[in-house]
Amino acid sequence: MNIDARIRRRRRGTETRRLVRDYEALSPVAHVEEPAGRGPVVERLLDHLDPVFDGTLPPNAYVHGPFGAGKSAVVTALLARMERVAAQSREAIYTTTRARSTRLPWFAYVDLRETASEFAFYHRVLDTLVEETVPEHGIGTDEIRDRLHETLNGSRTGAVIAVDHVDASAVADTDLDVVDLFAGLPSNVSWLAVGRDDPAETALAGYTAREIAIDRYRRRVLIDVLTTRASSGLAPQAFDHALARRIAEWADGNAHDALAALFGAVTRAERDGRDHLVADDVDGAIADAPRSTVSLGTVFSLSANKRRVLRSLVDLDEAERRSVTTTTEAIAADPDVDLSSGTIKRYLYELAEVGVVERVAASPRSGKGRAPSRVELRFFPEVFRTLYDLHE
DNA sequence: GATCCACGGGAATACACGGATG
DNA sequence: CATCCGTGTATTCCCGTGGATC
């Protein structure tokens, strides 16, 4: 770039120097249409689903792998495509005379993190299968389940239902039992459970006919993921390959953490008014990373009021986080939070219970009574703050 | 009128500490 | 010395109520 071009760029102002073109493309929560570097995994899932092309259902299966291995990314992307194709096949059946076209089953995806009750589960499944909207009130759980059975029993093809985060004790700290939920599904449903637990450890052990393991990302692939996302979300040349390598080394195969670190680095660079990332941005983001992380997807699937409480929490200073009680008071004082302090306190304990925050022993004890604890975040605060403010 | 579920609120329980008791 | 007790907090548990929706 010559000097004239540089001057022109400066004269045009921030518009052209804008670092971020699209936050969504950088978000660790957003799942892209075409997950980078996971071709082989897609192939294995297609091998599993292959019977549907002959008009039969695959056996029930369990997809498992560590945090950040891209399980959700691949499964959501693949099922969305399959359902698109299946929808076409269902329509084509009436318009084509070709005998060879096979009718495909329905494909549905349910995230258990957003499913806090039996009702919510069957409602979600039914809602994705039928055109008309299914009422959320004024109708009981049994009624919903009956309608689901009616819908599917009347169909020749049945359905493949992916159920993600089956071991997410995280959000659903209800006593939801996956085995029971699956047992309530009609018989012509093939489920595809997705989770982190080892197949032998999970409650589903003994119910699955097939297990599909997904390994953590190799470093080179993870670098690919980062540069791909950066190229669609950031200004050209804003993100150096060496920085991608640095992040990938640190993230150790966890794409969620890698993307969160990139995102954190970006918010730093923006704050300092740079149009590209520097090593300090990356190092700072890494230094600020919480010890063990819970997925931001988990955080965003919490109820609106809990998210609101967390939004307030990430802005508190150290003194206000001294104890659960002071934290509660500080949040209750936030005009944006419209909850009683009793509820806020209960929320904090519940959030700690599911691992979104962690209670740690507060340092100085003030003599009387049981020692208080304070809460520490277990997710990336800047990323949460930015995405939250973007959406709500 | 039916239903789900988020809130609120408070009771029950756990824990820490120091002092009293056996 | 071990144990119990009282007081003050922290934490967990539970359930009724009411808003929202059909």
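Every value quoted in this text rests on a predicted model; they were computed, and no experiment measured them. Hydrogens, waters and symmetry mates play no part in the numbers below; they use all other heavy atoms, side chains included. Residue numbering restarts at 1 for every chain, and letters A, B, ... go by the order of the sequence lines.
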Query raised in the report: For V160(A) and L57(A), what are the C-alpha separation, side-chain angles and deciding distance, and is it a side chain to side chain contact (heavy atoms under 4.5 Å, CB included)?
Result: CA-CA 7 Å; V160(A) 175; L57(A) 287 173; 4.1 Å; yes

Between the protein and nucleotides 8-16 of chain C, are there any N/O to N/O pairs under 3.5 Å, and if so, what are the atom names and distances?
residue: dG8(C); atom: N2; partner: R370(A); partner atom: N; Å: 3.0
residue: dT11(C); atom: OP1; partner: R359(A); partner atom: NH1; Å: 2.6
residue: dT11(C); atom: OP1; partner: S373(A); partner atom: OG; Å: 2.5
residue: dT11(C); atom: OP2; partner: Y349(A); partner atom: OH; Å: 2.2
residue: dT11(C); atom: O5'; partner: Y349(A); partner atom: OH; Å: 3.0
residue: dT12(C); atom: OP1; partner: R359(A); partner atom: NH2; Å: 3.4

Enumerate donor-acceptor pairs with a distance under 3.5 Å from any side-chain N or O in residues 310-318 of chain A to protein atoms, sequence neighbours excluded.
residue: R311(A); atom: NE; partner: D389(A); partner atom: OD1; Å: 2.8
residue: R311(A); atom: NH1; partner: D315(A); partner atom: OD1; Å: 3.3
residue: R311(A); atom: NH1; partner: D315(A); partner atom: OD2; Å: 2.8
residue: R311(A); atom: NH2; partner: D389(A); partner atom: OD1; Å: 3.4
residue: R311(A); atom: NH2; partner: D389(A); partner atom: OD2; Å: 2.9
residue: S312(A); atom: OG; partner: D334(A); partner atom: OD2; Å: 2.8
residue: D315(A); atom: OD1; partner: R385(A); partner atom: NE; Å: 3.0
residue: D315(A); atom: OD1; partner: R385(A); partner atom: NH2; Å: 3.2
residue: D317(A); atom: OD1; partner: A319(A); partner atom: N; Å: 3.1
residue: D317(A); atom: OD1; partner: E320(A); partner atom: N; Å: 2.9

Report task. Mind running ring pair (Phe, Tyr, Trp, His ring centres under 6.0 Å) on Y62(A) and Y207(A) for me, showing each step along the way? Result -> CA-CA 9 Å; Y62(A) 178 52; Y207(A) 294 88; over 10 Å; no

Query raised in the report: Can you check the L348(A) CG to dG8(B) P distance for me, whole Å?
Result: 13 Å

At a cut-off of 3.5 Å, list every protein nitrogen or oxygen paired with a nitrogen or oxygen from nucleotides 1-6 of chain B, distance to 0.1 Å.
residue: dT3(B); atom: O3'; partner: I139(A); partner atom: O; Å: 3.1
residue: dT3(B); atom: O2; partner: G138(A); partner atom: N; Å: 3.3
residue: dC4(B); atom: OP1; partner: T141(A); partner atom: N; Å: 2.9
residue: dC4(B); atom: OP1; partner: T141(A); partner atom: OG1; Å: 3.1
residue: dC5(B); atom: OP1; partner: S117(A); partner atom: OG; Å: 2.8
residue: dC5(B); atom: OP2; partner: S117(A); partner atom: OG; Å: 3.1

Query raised in the report: When the aromatic ring centroids of H256(A) and F67(A) are compared, is their separation below 6.0 Å?
Result: yes

Query raised in the report: Got a salt bridge between R145(A) and E118(A), using NZ or NE/NH1/NH2 to carboxylate O under 4.0 Å?
Result: yes

Requested in this report: Name the orientation class of the two ring planes belonging to F300(A) and F384(A) (parallel below 30°, tilted from 30 to 60°, perpendicular beyond 60°).
Outcome: tilted

Report summary line: CZ (R359(A)) and CD (E353(A)) are apart, to the nearest 0.5 Å, by 8.5 Å

Report task. Decide whether D164(A) and Y109(A) meet the rule of one side-chain donor and one side-chain acceptor closer than 3.5 Å. Result -> yes

Report task. With heavy atoms under 4.0 Å as the rule, sort T343(A) into base, sugar-phosphate or nothing. Result -> base

